[in-house]
> 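Please find one structure pasted underneath; my questions will follow.
Just so you know, these numbers use all the heavy atoms, side chains as well, and skip hydrogens, waters and symmetry mates. Counting from 1, the numbers follow the sequence of the chain as shown.
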Amino acid sequence: MTMRNPGLSWLGLAVSLAFARPLLSAPPTEGPGYAAPEDPLDSAGLGSLKDGLNVLLIIVDDLRPALGCYGEALVKSPNIDQLASRSVVFQNAFAQQAVCAPSRVSFLTGRRPDTTRVYDFNSYWRVHSGNYSTIPQYFKENGYVTLSVGKVFHPGISSNHSDDFPYSWSVPPFHPSSEQYENSKTCKGQDEELHANLICPVDVADVPEGTLPDKQSTEEAIRLLEKIRKTNSLFFLAVGYHKPHIPFRYPKEFQKLYPLENITLAPDPQIPAGLPPVAYNPWMDIREREDVQALNISVPYGPIPTEFQRKIRQSYFASISYLDSQVGYLLSALDELQLSNNTIVAFVSDHGWALGEHGEWAKYSNFDVATQVPLMFYVPGKTAPFTSPGEKLFPYIDPFDSTSDVMVPGGQAMELVELVSLFPTLSELAGLNVPRRCPFDSFNIELCREGPSLVRYLNITKWERDSYDSTRKPLDLVAYSQYPRPADTPQWNSDKPHLKDIKIMGYSIRTVDYRFTVWVSFNPENFTANFTDIHAGELYFVDSDPLQDHNVYNQTMGTY
C-alpha cells in the first residue's frame, strides 16, 4: 500500500503491518548574503505599544540536552540554567527530522516534513509544497515587528535565499559577516599552520575580523532590542546561534573548562549488533575536516581513535559554554532594557547530536540522541514573578565562576512533545488566536498547525484550561520523527541525500515505553511511502534499554 502525504497516517499503517498495535493504547496527539541596513527598523513601519507580550525566540544549532538543567553535571551552562530556573522545561521534547533545514522549516511552519516536503536543503516549501505561514509571519500579521538575527531559517534554497523575507520578517534578516569564515582555514594546528579542522579553539583577536558569528549575532540582537525599546512596539525577535554546530570553532579559553582527563567517552561507543545498516549514518561531514582526514578512519564505520573521541567531546562541551555566555549577554540585556516583565523567552534546538553513541558522530538518525532537544518557555509573571525596578531576573553569570551553583528548572514538564507544537504554543502564550488544526490534506491551507499547544502542560494555574483534557496522561502521548536514506547500506550521501536520491524513509514513533522505527520504500517523485515494503525495523524498550542499544524488532515480529 502506498500513501500520498503519509503525514500522521503512516502510524496506523506501520502499526497494522508490524506489531505495534498492542503497544499503543491511544491515538496520536496532536542565508547568508543579507547585510543588515544601518538602521533596519527605521523603515519597518513601527506602531505604538499595544497590549500583549513580546517574544524572544532563541534557536540553537545541533544542541542535544547536554545542559545542567537537563542533568548533565559536566557541562557548565549557568546562564541557560538560570533561564531554565525561571521557565518550564520540557524534558522529553523531540524534533521531527534530525537535520537543520527540514527541522527548522517544520517547526517554524508547524507542519511535519511529509507536509512541507522538505527533507533536504534544496527545496523552498512555498513553491515546493504549499504557501504555508510561519510563526514570525503570523506575529507580523498580528501587528508585531518581526526580526531575525543569525541562523533562524536555514540559509539557502530552503528559505528562498532570503530567510523567507519579506513574508516572515519586517526587515531583511541579519547574518554575521564573520560567518563566511566558519569552514575556512582559521584553525592553528600543531605545525603552526592554519587548517580547516573539526576541532578549532581560536584566539578571537587572530581570526578574520577579530570576532566570531555568535558574538556578532548577540551584539546585533542587543542593538535591535535597544532600538525597538524606544519605539514601544511589540516585537518578535528570533536569534539563531551557530554553536555547537561543527566545526567546533570557539574562543580557546573555553577549552580550559573541560580538562581532557575529565572527559569520559560515550557509554555505548559500539555499533549495536542488531542495528540494521540503513539506520546507520557514516558522519561524512566530519570526515571532510583536515584533522579527521589525517586519522585515516575507515568508511563507513570507523571507529575514531579514543583520544580523538575525547577531544571531540571536549570541544562540543566547550562550544556549549561559549554559547551559554552569549545567551547570558542577550538575556542580561532584557533586564537592562526593562523588557523582562513583558517578553516571553522560548529556547529550543533544531535537533540533537551524537557524541560517539552507537559509533556515530552526527545527527542524521532517528535515535533519541539525535532527535531529543532542549525546550523551555519563560512567561513573565507566570513561570517566574515580575521583577521590581532595578531587580535582575537574568544577571549575567560567568561560566568560569566555579562558585556558581547549578540551578534547577523552575518547572518541569515530563510529557512527550514535538517541535511542531512551537507555533500554537507561542501563539497562545502571546494571547493570539491559536491557528486551527490542519486537516489530513492541508497543502492548500496557508494557516493551520499539526501539533497542539503546550500551554496546557506548563502547570500554570492562572491559565484558562477549558480545552485541557485532564484525563490525558503521558502514556498516551507520542512523538514522531523521520529520516530519509538513499540505500539500505551506508554510502557517501546517506547523511544528507538529495530529494531525488531518497529511496527509503525511516518513520519513527517515540512513546514513554519504547522507540519503534520502520524503514519503508519511498518514491521522491510523488512523495509516497509504501508501507507494504518494509526494508528494516527497530524496537527499543526505554526502561530496559534507555540508550537504545538492543534492537528487538526481529525477535518480537513473530509474537504479534
> Taking side chain as C-beta onward, heavy atoms only, is P176 less than 4.5 Å from K215?
no
> For residues Q293 and E288, report the shortest heavy-atom separation together with the two atoms involved.
NE2-O, 3.3 Å
> Just by distance, do the side chain of N530 and the backbone of T532 share a donor-acceptor pair under 3.5 Å?
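It does hold such a pair.
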> Any side-chain donor-acceptor pair under 3.5 Å between H154 and S159?
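No, because no side-chain N or O of H154 sits under 3.5 Å from a partner of the opposite role on S159.
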> Do M376 and Y70 come close enough that some side-chain heavy atom pair is under 4.5 Å?
yes
> Run Y507 and D114 through side-chain hydrogen bond (donor to acceptor under 3.5 Å, both in side chains) and show every step you take.
CA-CA 11 Å; Y507 289 101; D114 274 336; 3.0 Å; yes
> Honestly, is R104 close enough over F153, meaning NZ or CZ under 6.0 Å from the six-membered ring centre and within 45° of the axis?
no
> Calculate, to the nearest 0.5 Å, the distance between atoms NE2 and OG belonging to H550 and S544 respectively.
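The distance works out to 8.0 Å.
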> Any side-chain heavy-atom pair from L63 and F347 closer than 4.5 angstrom?
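In contact.
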> Would you find more than 12 non-hydrogen atoms of other residues, nucleotides or ligands less than 6.0 Å from H128 atom NE2?
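Counting other residues, nucleotides and ligands, NE2 of H128 exceeds 12 neighbours.
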> Going by distance alone, is a donor N or O of one side chain under 3.5 Å from an acceptor N or O of the other, for S168 and T134?
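The criterion, which ignores hydrogens and geometry beyond distance, is satisfied for T134 and S168.
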> Working to the nearest 0.5 Å, report the span between CD1 of I286 and CG of L198.
5.5 Å
> Pair F317, L257 - check side-chain contact (heavy atoms from CB on, under 4.5 Å), show working.
CA-CA 9 Å; F317 298 147; L257 291 171; over 6 Å; no
> Whether the N183 and R289 side chains hold a donor-acceptor pair (N or O, under 3.5 Å, no angle test) is what I'd like checked.
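Indeed, the side chains of N183 and R289 share at least one donor-acceptor pair under 3.5 Å.
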> Indicate yes or no: at least one non-hydrogen side-chain atom of N523 is less than 4.5 angstrom from one of T528.
yes
> So, are E290 and K185 salt-bridged, with charged N and O less than 4.0 Å apart?
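Salt bridge: yes.
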> Would you please say whether a donor-acceptor pair under 3.5 Å links the side chains of Q482 and S508?
no
> Closest approach of I504 and H535, non-hydrogen atoms and distance?
CD1-ND1, 3.6 Å
> Evaluate the criterion salt bridge (Lys or Arg N to Asp or Glu O under 4.0 Å) for residue pair D61 and K243; output intermediate values, then yes/no.
CA-CA 6 Å; D61 208 347; K243 296 303 130 196; over 6 Å; no
> Could you verify whether a donor N or O on one side chain and an acceptor N or O on the other, from S315 and Y250, lie under 3.5 Å apart?
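Distance-only check passes for S315 and Y250.
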> Whether the S321 and Y258 side chains hold a donor-acceptor pair (N or O, under 3.5 Å, no angle test) is what I'd like checked.
yes
> Could you tell me the separation between the CG atom of N79 and the CD atom of Q326, rounded to the nearest 0.5 Å?
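The distance works out to 10.0 Å.
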> Between the side chains of Q96 and S103, does any donor sit under 3.5 Å from an acceptor?
no
> For E538 and W519, which I'm curious about, is there any donor-acceptor pair between the side chains at under 3.5 Å?
yes
> Using a distance-only test with no angle check, is there a side-chain donor-acceptor pair under 3.5 angstrom linking D62 and Y316?
no
> With heavy-atom distances below 4.5 Å as the criterion, would you say the side chains of V327 and S325 are in contact?
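Not touching, per the 4.5 Å side-chain cut-off.
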> Among residues at least two apart in sequence or on other chains, which ones pass salt bridge (charged side-chain N to carboxylate O under 4.0 Å, His left out) with R126?
D164
> Hey, are D368 and R515 close enough for a salt bridge, meaning a charged N less than 4.0 Å from a carboxylate O?
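Looking at D368 and R515, the cut-off is met.
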> Less than 6.0 angstrom separating the ring centers of F531 and F522, yes or no?
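Between F531 and F522, the centre distance exceeds or equals 6.0 Å.
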> Both conditions, 6.0 Å and 45 degrees, for the charged tip of R449 above the ring of F423: are they met here?
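Not satisfied by the 6.0 Å and 45° rule.
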> Do you see a donor-acceptor pair shorter than 3.5 Å between the side chains of T186 and R249?
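Yes, a side-chain donor-acceptor pair sits under 3.5 Å.
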> Roughly how far, to the nearest 0.5 Å, is OH of Y241 from OG of S217?
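The OG atom of S217 sits 7.0 Å away from the OH atom of Y241.
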> Just by distance, with hydrogens left out, do H242 and E182 show a side-chain donor and acceptor under 3.5 Å apart?
no
> Compute whether any side-chain donor of one residue and acceptor of the other, for H498 and N493, lie under 3.5 angstrom apart.
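Judged by distance alone, the side chains do not pair up.
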> State, yes or no, whether a side-chain contact exists between R510 and V478 at a heavy-atom distance under 4.5 Å.
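Of all side-chain heavy-atom pairs linking V478 with R510, none is under 4.5 Å.
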> Just verifying a value: how many Å separate D350 CG and Q97 CD, rounded to the nearest 0.5 Å?
11.0 Å
> Would you say the side chain of E253 lies within less than 4.5 Å of the side chain of Y322, judging by non-hydrogen atoms?
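Side chain of Y322 against side chain of E253, heavy atoms only: no contact under 4.5 Å found.
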> Just by distance, no angles: are the side chains of S77 and D324 close enough, under 3.5 Å, to form a donor-acceptor pair?
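Result is no, nothing qualifies.
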> Could you tell me if D285 and Y364 have a donor-acceptor pair between their side chains, going purely by distance under 3.5 Å?
yes
> If the test is ring pair (Phe, Tyr, Trp, His ring centres under 6.0 Å), which one of Y553, F367, F516 qualifies with Y540?
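When ring pair (Phe, Tyr, Trp, His ring centres under 6.0 Å) is applied between Y540 and each of Y553, F367, F516, only F367 qualifies.
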> Give a yes or no on whether a salt bridge exists between E418 and R112, defined as a side-chain N under 4.0 angstrom from a carboxylate O.
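R112 and E418: salt-bridged.
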> Do V542 and V512 have side chains that get closer than 4.5 Å, going by heavy atoms?
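No, too far: nothing below the 4.5 Å cut-off.
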